[in-house]
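Computed from heavy atoms alone, side chains included, the values below leave out hydrogens, waters and symmetry copies.
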Amino acid sequence: MTFNASSHGLTGRDPVVASHAMLSSGHPLATEAGLQVLRNGGNAFDAVVCAAAVIAVVEPSTNHVGGDVFALCKPTSSDVEAISASGPSPQQMTVDAFGDEIPPYGINAATVPGAVNAWETILNRYGTIDLADALQPAINYAAEGMPVDYQTAQSIKDAAEVLAQHDASARSFLPNGSPPTPGSVIYQPDLAETLRQIASGGSDGFYKGPFADALVRASEIDGGTFTHEDLSNYACTVEPPLRTHYHGYEILEQPLPSQGFLVLEQINISEGFQMSELEFGCADSIHIMAEAKKAAFADRLDHIGDPRTSHIPINQLLSK
């Protein structure tokens, strides 16, 4: 790999270099946990699942065990596979329940969690360690405490009014009734117990165990529609990715219901222009990219939905 001086000037940061392996995440504790998996002989898939689980603990405003996963996975022995773990709405939920828009928070803003099943699927298909080992660092941070960074402290402070409305969230994120300060340590024993149940029972420990019971009870209390069947029937999908080509390069994206096709459609539109002859960031290049984005997002509004229930002309949308 070679670098030039302009790489520093554009970003204000030096390039990251490594002699053995790299792993990137949104939090240094998650990155370090994943790197330790690599040092111990695990592969990239093991490391990513471990880091994702730690993120669910140390950066709760961006990811959690109730979240989703989209992953493009390239095992050495086969082609790229797309893991899609974007959970559907509960079966009993209807469009009429929302009014003008989906609420910004609360039980009716949530879909069936996909992350745990995706973690297990990734490790079973491509990994070398089991889910229990991958989750251990996350369990440790949840049970033994995590130091709060400035960004997380601010996120919790911004959401304090909402977090205070529920005993469980207040217990974890508002110790002594107020948001934590940067550098303080917070403990998440409820999350630690849920992670232990997943570690011992696999994804069934999440979708069919005590957590599932607690989620359904909370949903009933809060006016939601989650049922045990919504959780126990969940499974992520493994499919071929969407593909296009741009001047000899192959670009892969997540299949529906992800919006990855937006990137591919914009690339296809841009390929009709001589972008390489334009200066980076000039008005003409920005104009072309903005118009390509507008066209792609117009197609999203016209066509995109759940491919299991809607006919979506994805081949036409991605046709050159």
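Between Leu163 and Pro179 the shortest side-chain heavy-atom distance does not fall below 4.5 Å. A 4.5 Å side-chain heavy-atom check between Leu231 and Val216 finds at least one atom pair inside the cut-off. Side chains of Pro180 and Phe173 form no contact here, defined as non-hydrogen atoms less than 4.5 Å apart. At least one side-chain heavy atom of Leu262 sits under 4.5 Å from a side-chain heavy atom of Phe297. Within the 4.5 Å cutoff, side-chain heavy atoms of Phe206 are placed close to those of Pro113. Inter-residue side-chain proximity for Glu253 and Phe261 is flagged as unmet; no heavy-atom pair is nearer than 4.5 Å.
Looking only at distances, a side-chain donor or acceptor of Ser232 sits under 3.5 Å from a matching main-chain atom of His228. Checking side-chain atoms of Gln188 against main-chain N and O of Val57 turns up a donor-acceptor pair under 3.5 Å. At least one donor-acceptor pair under 3.5 Å links the side chain of His64 to the backbone N or O of Gly67. In this structure, Asn108 contributes its side chain and Pro103 its backbone to no donor-acceptor pair below 3.5 Å. Listed for the Asp130 side chain is a donor-acceptor partner under 3.5 Å among the backbone atoms of Ala132.
Counting heavy atoms of neighbouring residues, nucleotides and ligands inside a 6.0 Å radius, atom CD of Gln154 exceeds 12 of them. For CG of Asp302, the number of neighbouring non-hydrogen atoms (other residues, nucleotides, ligands) closer than 6.0 Å is greater than 12. Taking a 6.0 Å sphere around NZ of Lys294, one finds it holds 12 or fewer heavy atoms contributed by other residues, nucleotides or ligands. Residue-environment remark: CD (Glu32) exceeds the threshold of 12 foreign heavy atoms within 6.0 Å. Counting non-hydrogen atoms of other residues, nucleotides and ligands closer than 6.0 Å to CG of Leu72 gives a total above 12. Applying the 6.0 Å contact sphere to CZ of Phe98 captures more than 12 heavy atoms from other residues, nucleotides or ligands.
Interatomic distance, OG1 of Thr111 versus OH of Tyr234, reported as 8.5 Å (0.5 Å rounding). Here the CD1-OG1 distance, from Ile139 to Thr194, works out to 10.5 Å after rounding to the nearest 0.5 Å. To the nearest 0.5 Å, atoms OG (Ser172) and OH (Tyr187) are separated by 13.0 Å. Atoms OH and NE2, from Tyr105 and His166 in turn, are 9.0 Å apart once rounded to the nearest 0.5 Å. In this structure, CG in Asp204 is found 12.5 Å from CD in Gln197, a value given to the nearest 0.5 Å. To the nearest 0.5 angstrom, Ile107 atom CD1 is 4.5 Å from Ser219 atom OG.
Between Glu271 and Lys320, at least one side-chain N (NZ, or NE/NH1/NH2) sits under 4.0 Å from a carboxylate O, which counts as a salt bridge. Ion pairing between Glu220 and Arg217 fails under the 4.0 Å rule for side-chain N and carboxylate O. Salt bridge Arg125/Glu120: absent, no basic N to carboxylate O contact under 4.0 Å.
Note: the hydrophobic cluster containing Leu215 does not contain Ile221 (ILVMFWY, side chain heavy atoms under 4.5 Å, direct or indirect links).
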